[in-house]
Each structure stands twice: as C-alpha cells, then as structure tokens.
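Every value quoted in this text rests on a predicted model; they were computed, and no experiment measured them.
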Amino acid sequence: MTATRVLVLNSGSSSVKYQLLDMRDASRLAVGLVERIGEQTSRLKHTCVVSGETRERTGPIADHDAALKRVSEELAKDGLGLDSGELAAIGHRVVHGGMFFTEPTVVDDTVLTEIERLIPVAPLHNPANLTGIRTAMALRPDLPQVAVFDTAFHTTMPESAARYAIDTKIADRYRVRRYGFHGTSHAYVSRETARLLGKAPEDVNVIVLHLGNGASASAVRGGTCVDTSMGLTPLEGLVMGTRSGDLDPAVIFHLQRVGGMSLDEIDTLLNKNSGLFGLCGDNDMREIRRRMDEGDEQAKLAFDIYIHRLKKYIGAYCAVLGSVDAVAFTAGVGENAGFVRAAAVAGLEGLGLAVDEARNAERGDTARLISPEGARVAVAVVPTDEEMEIATQTYALVGKAA
C-alpha cells in the first residue's frame with residue numbers, strides 16, 4: 001500500500017493547528033486546532049471532513065507533547081491515527097530558515113541545530129516550531145519529518161533587494177539581511193494567480209498582497225520572488241494589526257534616549273502596540289470599518305495610513321517588476337474586505353489598476369478576478385492555502401526521496 005497522507009502541523013507558542021490531507025486528490029481528511037496550551041482552559045476542536053463530525057474538548061493540556069497526543073487520539077477515533085501505514089510524512093511550518101534553508105528539508109539533527117541557531121531572529125516562532133517537530137519525531141520516529149520554511153520562497157531575492165545598506169562585515173557576522181515571511185502563502189497565491197489567468201507561473205509577473213493581522217507584499221517575476229516587504233523579522237513593511245511596519249530606525253534611539261524606554265519596551269511597542277491597534281485602538285478591520293461609518297476620525301486616520309503604505313508598495317513593486325500582469329489580494333483582510341481592495345487601487349488607473357464595483361462586492365471562497373473586463377492589469381482575490389502548500393511540498397520531497 002502506497003502511503004499518500006500528509007499531516008501538516010503549525011505549532012505556535014501556545015497552539016497547534018493541524019490538517020490531514022490525502023495527496024492522491026489533495027483532499028482534506030481532518031482539520032483541527034489546539035489552543036491555550038499550558039492553561040487550565042485549553043481547547044481542542046477537531047473536524048473529521050470525511051464524516052462531517054466536529055468534536056470539541058476543553059480542559060488542561062500541559063504542553064505540546066500532550067497536545068499532539070490528543071490530536072493523535074482524535075484522528076484515531078476517525079480511523080486516521082498517526083500509526084496508520086497510509087501516513088507518508090509530517091510537514092511542519094517553520095517560520096525562519098535564514099539563508100541555510102532554501103527549500104523543504106527532511107529534518108535531522110543538523111537541521112534541528114540550525115533552526116535552533118536562528119531563534120535570536122525568530123524568538124516567538126522558531127522555539128514553538130522546534131517543539132512541534134521534536135514531539136512529532138518522538139511519536140513517529142520512523143516517519144519523515146519535513147520542515148517547510150516561511151523564508152524559503154524569498155531566498156531568490158537578488159542581493160540588491162536582500163541587503164541592508166550597513167557595514168557588510170557586521171551584517172554577515174550577525175546574519176543581518178532581509179529574509180521575508182509568509183513565503184508559503186506568496187508561493188501558493190502567485191502560482192494560483194497564474195492558473196487563474198490561464199498561464200504558466202514562469203510567464204506571469206504578480207504582486208501578491210497578503211493582508212491579515214500580519215501583512216506582507218511580494219514582487220514575483222516568472223514564479224520567482226524578487227522582492228518582499230518584510231525583512232530580518234516580520235516587523236518591516238506594511239502597516240499591520242499590531243506591528244508598525246516601516247519606520248525611521250532613529251525612532252528607536254529617540255525613544256530610548258529621550259523617552260527613557262528600554263529596548264524590551266520598544267520591542268513590545270513596535271510589535272504589539274503599534275500598527276492599526278496603536279493608531280486607533282482596534283486591529284480588526286471590520287471594527288475599523290464600523291467606526292469609520294459612524295464618523296470616527298481616529299479610525300479613518302488609521303485606515304488612511306494603512307492604505308497609503310499599501311499603495312506605496314504596489315507602486316514600488318510595479319517599478320521593480322517593470323511590467324505587471326496581476327495584483328492578487330489574499331489572507332483574512334485581502335480576501336474579505338472589498339473596501340480595502342477598492343481603496344488600495346483607487347487612483348492607480350495610470351498603472352492599469354482598477355476594480356469592478358460589482359465583482360469586488362461579491363463574496364466567495366474561490367479565486368476570482370475583480371478587475372473590469374479587458375483591464376490591462378488583472379486584479380484578483382486568491383484565497384491562500386498555506387497548509388496545502390506545505391503538504392504539497394512535503395509530499396513532493398518525500399516522493400523524491402523514496
């Protein structure tokens with residue numbers, strides 16, 4: 001019997017998202033989420049897609065080891081347990097792979113050591129990713145564990161885009177460069193956009209706008225990333241839910257010298273108390289829209305700053321690519337907030353960008369064009385599927401190794 005199933009694990013600091021997929025037809029067999037790990041109020045929600053049954057369990061789950069054992073138990077109830085011979089591999093999302101990892105990689109001791117070495121540049125993410133991998137390895141030591149890196153898609157950026165203009169010896173010593181994130185999403189969406197246009201990825205130039213609580217843009221030329229908005233960490237770039245995005249680095253010195261703030265306090269400010277939340281007290285775009293409709297000037301200003309930054313990146317990436325075939329909106333805000341899409345391209349008709357009001361107002365969970373018929377540049381809404389991308393890359397790698 002050929003093993004065709006892949007379990008995808010996305011381990012956060014206090015959560016585990018998971019999906020079990022059958023790669024014969026790329027179908028989902030089960031999906032679930034364990035959250036608030038380490039608390040008395042831990043919660044597991046599991047859905048067997050095959051039967052349509054959803055089960056929820058609440059109560060303390062001490063750690064990731066216990067969480068994955070619970071996941072295994074739920075899968076086993078559906079006849080989909082981790083001990084199944086049909087399970088080909090477990091694919092893990094790993095946020096930071098530096099320049100060492102440019103493609104999906106079967107995990108061994110060397111890989112684990114390198115992911116650990118990258119913790120200083122991804123202190124919130126890589127430790128949790130490592131915990132998930134080690135726990136899964138303990139549960140199924142015989143099974144290939146594959147790490148799929150958020151940064152990998154962006155390692156094709158030329159040095160002119162990836163380098164910061166600081167002393168190269170210092171930059172190289174401390175591995176300071178632009179890595180980019182959301183890579184699995186940008187890879188999937190750029191490829192799906194090409195498919196939507198009826199073209200091969202290598203024949204299409206796409207600007208991908210991944211707009212969620214975290215947000216990033218990428219310029220993809222012929223299926224290859226040539227620039228992206230996030231940098232050494234996910235803080236750089238667009239205005240996000242709680243992150244500032246681009247700002248003058250001297251702001252940090254100013255806040256330390258004049259404001260007396262510690263580096264930890266500034267770190268918290270820029271990552272957790274900035275962006276839309278810092279500007280208006282809300283980081284939910286739906287709530288900001290409601291407040292704007294009621295005439296709230298602070299919410300309007302926050303939205304205007306968000307859109308202004310977004311327009312700047314669209315324009316910049318038009319220049320980077322030279323010619324653009326499509327702009328694709330994805331992730332929670334990009335897929336669902338038509339008013340954000342309309343505002344982002346308003347006034348950019350000179351670049352060939354516009355949205356059709358009726359098309360933009362339509363809701364759906366499939367890729368679709370929202371630009372007017374015959375538009376010079378296609379504007380698309382393309383739902384992202386990072387789990388599918390991780391499963392696809394994992395299965396392709398395991399198949400090659402077989």
Task: R243 (side chain) donor-acceptor with E236 (main chain) under 3.5 angstrom - done: no
- [ ] Give, for atom CG of D246 and atom CG of L238, the distance between the pair rounded to the nearest 0.5 Å.
- [x] 7.5 Å
Open item on the list: Using modelled atom types and a 3.5 Å cut-off, is there a donor and acceptor pairing between side-chain atoms of R376 and backbone atoms of G350?
Closed with: yes
TODO: Could you tell me whether the side chain of V333 reaches within less than 4.5 Å of the side chain of E335, counting heavy atoms only?
DONE: no
- [ ] May I ask you to say whether D304 pairs ionically with K311, meaning some side-chain N is under 4.0 Å from a carboxylate O?
- [x] no
TODO: Quick one: list whatever passes side chain to side chain contact (heavy atoms under 4.5 Å, CB included) with A62, sequence neighbours left out.
DONE: none
Task: Heavy-atom pair with the smallest gap, counting every atom of Y164 and L232 - done: OH-N, 3.2 Å
TODO: Quick one: which residue pairs count as a salt bridge (charged side-chain N to carboxylate O under 4.0 Å, His left out) with a foot in residues 207-227, not counting sequence neighbours?
DONE: R178-D227
- [ ] Could you tell me whether a side-chain N or O of R24 sits under 3.5 Å from a main-chain N or O of R5, the two making a donor and an acceptor?
- [x] no
Task: Exam field: side chain Y179 to backbone M230, donor-acceptor pair closer than 3.5 Å - done: no
- [ ] Check the pair L310 / R341 against side-chain contact (heavy atoms from CB on, under 4.5 Å), numbers first and verdict last.
- [x] CA-CA 10 Å; L310 192 51; R341 299 190 295 260; over 6 Å; no
Open item on the list: Would you say that Y18 contacts L68 through its side chain, given a criterion of any heavy-atom pair below 4.5 Å between the two side chains?
Closed with: no
Task: Minimum side-chain heavy-atom gap Y317-V324 below 4.5 Å - done: no
Task: Closest contact, heavy atoms only, S11 versus G132 - done: OG-CA, 3.4 Å
TODO: State whether the side chain of S371 and the backbone N or O of V379 hold a donor-acceptor pair below 3.5 Å, judged by distance alone.
DONE: yes
Open item on the list: How close do G85 and A3 get, counting heavy atoms only, and between which atoms?
Closed with: O-CB, 3.5 Å
- [ ] Determine whether R117 and E114 make a side-chain contact, defined as any pair of heavy atoms from C-beta on separated by less than 4.5 Å.
- [x] yes
Open item on the list: Can you give me the closest heavy-atom contact between M240 and G214, atom names plus distance?
Closed with: SD-CA, 4.0 Å
Open item on the list: Is it the case that the side chain of T330 and the backbone of T384 share a donor-acceptor pair, with hydrogens and angles ignored and the cut-off at 3.5 Å?
Closed with: yes
Open item on the list: Do H182 and S216 pair up side chain to side chain, a donor and an acceptor below 3.5 Å, judged on atom types alone?
Closed with: yes
- [ ] Show the numbers, then the answer: is there a ring-ring contact (aromatic ring centres under 6.0 Å, His included) between H96 and F181?
- [x] CA-CA 8 Å; H96 215 309; F181 300 89; 5.1 Å; yes
TODO: May I ask you to test the M137-V107 pair for a side-chain heavy-atom distance under 4.5 Å?
DONE: yes
Open item on the list: Between R290 and E294, does the salt bridge (charged side-chain N to carboxylate O under 4.0 Å, His left out) criterion hold? Intermediate values first, please.
Closed with: CA-CA 6 Å; R290 184 193 66 77; E294 293 177 354; 2.8 Å; yes
TODO: Would you please say whether a donor-acceptor pair under 3.5 Å links the side chains of D248 and H254?
DONE: no
Task: Pair K77 + E53: basic N to acidic O under 4.0 Å - done: no
Open item on the list: Quick check against the 3.5 Å criterion: does R93 have a side-chain atom that pairs as donor or acceptor with the backbone of D150?
Closed with: no
Task: Shortest non-hydrogen separation from I307 to A343 and the atoms involved - done: CG2-O, 3.6 Å
TODO: For D264 and S262, test the side chains for any donor-to-acceptor distance below 3.5 angstrom and give the result as yes or no.
DONE: no
TODO: Determine whether more than 12 heavy atoms belonging to other residues, nucleotides or ligands lie under 6.0 Å from atom CG of D25.
DONE: yes
Task: Closest approach of V94 to N129 (non-hydrogen atoms, all atoms of both residues) - done: CA-OD1, 3.4 Å
TODO: Classify the side-chain pair H186/S218 by whether it contains a donor and acceptor separated by less than 3.5 Å.
DONE: yes
Open item on the list: So does A162 get a backbone contact from the side chain of R177, meaning a donor-acceptor N/O pair under 3.5 Å?
Closed with: no
Task: Minimum side-chain heavy-atom gap V95-N126 below 4.5 Å - done: yes
Task: V377: which of N205, V345, I207, L353 passes side-chain contact (heavy atoms from CB on, under 4.5 Å) - done: L353
- [ ] Could you check if a side-chain atom of M285 sits within less than 4.5 angstrom of a side-chain atom of L276, using non-hydrogen atoms only?
- [x] yes
Open item on the list: Please check this pair: side chain of R55 against backbone of E74, looking for a donor-acceptor N/O pair closer than 3.5 Å.
Closed with: yes
Task: Flag, side chain of S274 to backbone of L269, donor-acceptor distance under 3.5 Å - done: yes
Task: Carboxylate-amine/guanidinium proximity below 4.0 Å for R195 and E192 - done: yes
TODO: Determine, for E389 against R191, whether the closest basic-nitrogen to carboxylate-oxygen distance falls under 4.0 angstrom.
DONE: yes
- [ ] Hey, could you give me the CD/CG distance between Q298 and D282, rounded to the nearest 0.5 Å?
- [x] 11.0 Å
Open item on the list: Within the 4.5 Å heavy-atom criterion, are L87 and L20 side-chain neighbours or not?
Closed with: yes
Task: Check: D65/T135 side-chain N/O donor and acceptor closer than 3.5 Å - done: no
